[in-house]
Amino acid sequence: MGEHAVEVEGLVRKFGDLVAVDGVTFEVRRGEVFGFLGPNGAGKTTTINMLCTLLTPTAGRATVDGFDVVRQKREVRQRIGLVFQDPSLDDRLTANENLDFHAVVYAVPQAVREKRKRELLEMVDLLDRADDLVITFSGGMKRRLEIARGLLHHPRVLFLDEPTIGLDPQTRKYIWDYVADLKKREDITIFLTTHYMEEAEHCDRIAIIDHGRIIALDTSENLKNMVGGDIIRIKTDDDARAEELLREKYRVNILEDKDCLCFEVERGEEFIPRLFQDFDVSIQSINLHRPTLDDVFLKLTGREIRDEEADGFMADMRRMVTRVRPPFAR
Amino acid sequence: MGALEKEIVAIEGGKAVKPVERKSSAMRWAMRGIYIIWLREFKRFWRDRARRIGGFAQPIMYLALLGVGMQSAFKVFGGGDVPYIKFMFPGILGLTVLFTSVFSAISIIWDREFGFLKEVLVSPVPRSSVALGKIIGGSTTALIQGAIFLILAFTPWVYGFSLDTLWKVLAVMPLIILLSLSLTSLGVAVAARMTSMEGFPIIMNFLLMPMFFLSGAFFPLQGLPRWMDVLTKIDPLTYGVDALRGIMLKGLDLAAGMPGNIAQFAAWFKDPEILRIGLEKGYPNPSALSSMARQATLPVQAHPLWLDVLVMAGFGAFLFALALWQFNRAE
């Protein structure tokens, strides 16, 4: 063990009778952005908490940067950065003081402390607010500050637990830009959880987790290939002729030919240019639908990941209902 | 560990930052934790104007209202020549330290509620150092509150502005530190595993009120029924208040009453001599009581100072260990 950034083997965590994490095994390669995707209550946060030494596993073992999360807690803690789902800043201190606190408990050498603080605050666009109390910050600013704080001690692995939950679309995009930028700039592995399908696309590899088990693990591309190819819909001046052409020349299977022609191809983005190159019939419109991770999850579990983007109360209610309802159509 | 340090240096833009050899032993990690947690605790206290003013205003209120109001009653019930305000001043000092210390621990529950505790608990600093930082931080705030209150000791209504008062005030400081360390430990021990911000004051008041009333802060501990007498001797705060009062009224004399043998020590436990005298002379006869009070060393100090300090230290050590244990067990 220890070759990969994170290695997990048969990890189990029970809370009384509830099995939150039910024997997961996976590894996170160095330098990749690895995503844990699953509905609320699937065991994502529990797994993260075990990996960052906050929870003791009931069974199984895990290493982070080669160190055992149970026996070598301090070594693990020094090497990880964390951004929790819920805020964990001291809002009665200033942004700067929060970073100072972190720098001391992680033993960031004094010589480089100020320089790093400046760099990070600049990166998350908070340099001009450095000496303001955190209580005056918006949710997005707090999250950004937490990301800066998580990086202050140059962790080998950065854990982001639902980094964009509860944030507005603009800030969410912002944060993903930071993550992408970070991956380029630093020699760092990023492990994140999310229940937003579209966000999981930012990951190099995705593990889909449901009821405490990993049900699929691959690149988003490969996962989507599991559910089939891309669907292309075209409208032409002469559908009958187009259908004939498509069948004979491109050897595609026409699924539907009422209002438009609908067919499935392996790689839509490569197929369309080919089509435009030498298609005799003039095309009125063309539409490419690529399978989403939603489709993947639906196929694997028979359920959809509830999208809790919708605000506030109704989302909470829906979440509760989802939890109570037994899994159907499996 | 050395490898990590070198790495950090290497990452710093490749500049020649000297790879200073830093010891990162467990001790260093612990010191870091204690220091920064203490600093944070202190900053938060200092920024909270309500806490500073409230912590000062409350004891003044007690002193002004109760101190004046109880004066005549105190004389009748055996206070003798000692003015009540001088008698109760150390008691209110004890009260201030008690409440500031114990309630400073609520910050643990607060931190848990608002997530900051997580940041602390996943950091590489050992847990005990977190608890220790909290305890020292809480005692610091209590010491500050106590010191501010002690300024009042110099007023003519209390002990007056004199070198003697200054000496007593200085002598009382180490006692306040000892007292606040043990009481903050008590707070931390209770708060360590609590999740309810509302529950903490309820439990604490349930614990603190009897502790406070039985400590003799407001009235001399004499002529009490047997059961209550026993309770006052169990109460750790009794010894704190007793020591504070002893110093403030008689001056610092650690050796006073040091027994030559254990017998005297045992006799103290059997005692209540005062109660017997009181019963014989038949109270409530004010004159009998007050003459009796003058005969005895009471009401100034019930126990010799060395005993007070010893018992306080013992309780302190116990509560301190309890706090660390509870905090390490949390979550």
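As the structure is a computational prediction, the values presented were derived from the model and not from experiment. Residue numbering restarts at 1 for every chain, and letters A, B, ... go by the order of the sequence lines.
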**Q** I need the minimum non-hydrogen distance between A:Asp100 and B:Ile36, along with the two atoms involved.
**A**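 Between these two residues, the closest heavy atoms are O-CD1, 4.5 Å.
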**Q** Please check if the number of heavy atoms outside B:Arg47 that lie under 6.0 Å from its CZ is greater than 12.
**A**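 Enclosed: over 12 neighbouring heavy atoms sit under 6.0 Å from CZ of B:Arg47.
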**Q** Counting heavy atoms not belonging to A:Asp181, are there more than 12 under 6.0 Å from its CG?
**A**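 More than 12 heavy atoms, drawn from other residues, nucleotides or ligands, come within 6.0 Å of this atom.
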**Q** Using heavy-atom distances under 4.5 Å, tell me whether A:Leu82 contacts chain B through its side chain, its backbone, both, or neither.
**A**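 Only the side chain of A:Leu82 comes within 4.5 Å of chain B.
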**Q** Within a radius of less than 6.0 Å around CZ of B:Phe42, do more than 12 heavy atoms belonging to other residues, nucleotides or ligands occur?
**A**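 Yes.
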**Q** Using heavy-atom distances under 4.5 Å, tell me whether A:Leu133 contacts chain B through its side chain, its backbone, both, or neither.
**A**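 Side chain of A:Leu133 only, per the 4.5 Å heavy-atom cut-off to chain B.
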**Q** Could you check whether B:Arg44 pairs with A:Asp90 (Lys NZ or Arg NE/NH1/NH2 to Asp/Glu carboxylate O, under 4.0 Å)?
**A**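 Between A:Asp90 and B:Arg44 there is a salt bridge, with a charged N closer than 4.0 Å to a carboxylate O.
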**Q** What's the verdict on side chain to side chain contact (heavy atoms under 4.5 Å, CB included) for B:Phe114 and A:Arg92, showing C-alpha distance, side-chain angles and the deciding distance?
**A** CA-CA 11 Å; B:Phe114 290 95; A:Arg92 307 298 170 97; over 6 Å; no
**Q** If we ignore hydrogens and angles and just use 3.5 Å, is the side chain of A:Arg74 paired with the main-chain N or O of B:Pro126 as donor and acceptor?
**A**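 Answer holds: no.
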**Q** Hey, is the main chain of A:Phe101 close enough, under 3.5 Å, to the side chain of B:Arg40 for a donor-acceptor pair?
**A**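 Side chain of B:Arg40 to backbone of A:Phe101: no pair is present.
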**Q** What verdict does the side chain to side chain contact (heavy atoms under 4.5 Å, CB included) test give for A:Val105 and B:Val120, after you've listed the backbone C-alpha separation in whole Å, the side-chain angles of each residue and the deciding distance to 0.1 Å?
**A** CA-CA 8 Å; A:Val105 290; B:Val120 178; over 6 Å; no
**Q** Taking CE in B:Met31 as the centre, count heavy atoms belonging to other residues, nucleotides or ligands within less than 6.0 Å. Is the count above 12?
**A**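 Open: at most 12 neighbouring heavy atoms sit under 6.0 Å from CE of B:Met31.
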**Q** Answer with side chain, backbone, both or neither: which region of B:Lys118 has an atom nearer than 4.5 Å to a non-hydrogen atom of chain A?
**A**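 Both parts, backbone and side chain.
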**Q** Check the surroundings of atom NZ in A:Lys183: do more than 12 heavy atoms from other residues, nucleotides or ligands lie under 6.0 Å from it?
**A**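 Yes, because the 6.0 Å sphere around NZ of A:Lys183 holds more than 12 heavy atoms from other groups.
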**Q** For A:Arg77 and B:Ser123, indicate whether the former's side chain and the latter's backbone hold a donor-acceptor pair under 3.5 Å.
**A**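 Yes, because the side chain of A:Arg77 sits within donor-acceptor range (under 3.5 Å) of the backbone of B:Ser123.
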**Q** Can you give me the closest heavy-atom contact between A:Asn98 and B:Phe116, atom names plus distance?
**A**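 The answer is OD1-CE1, 3.9 Å.
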**Q** Which atom pair, heavy atoms only, marks the closest approach of B:Gly115 to A:Ser88?
**A**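 Heavy-atom minimum between the residues: O-CB, 3.2 Å.
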**Q** Under a 4.5 Å heavy-atom cut-off, does chain B meet the side chain of A:Glu97, its backbone, both or neither?
**A**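 The side chain, not the backbone.
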**Q** Using non-hydrogen atoms only, which part of A:Phe84 is less than 4.5 Å away from chain B: side chain, backbone, both, or neither?
**A**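 Looking at A:Phe84, just its side chain touches chain B.
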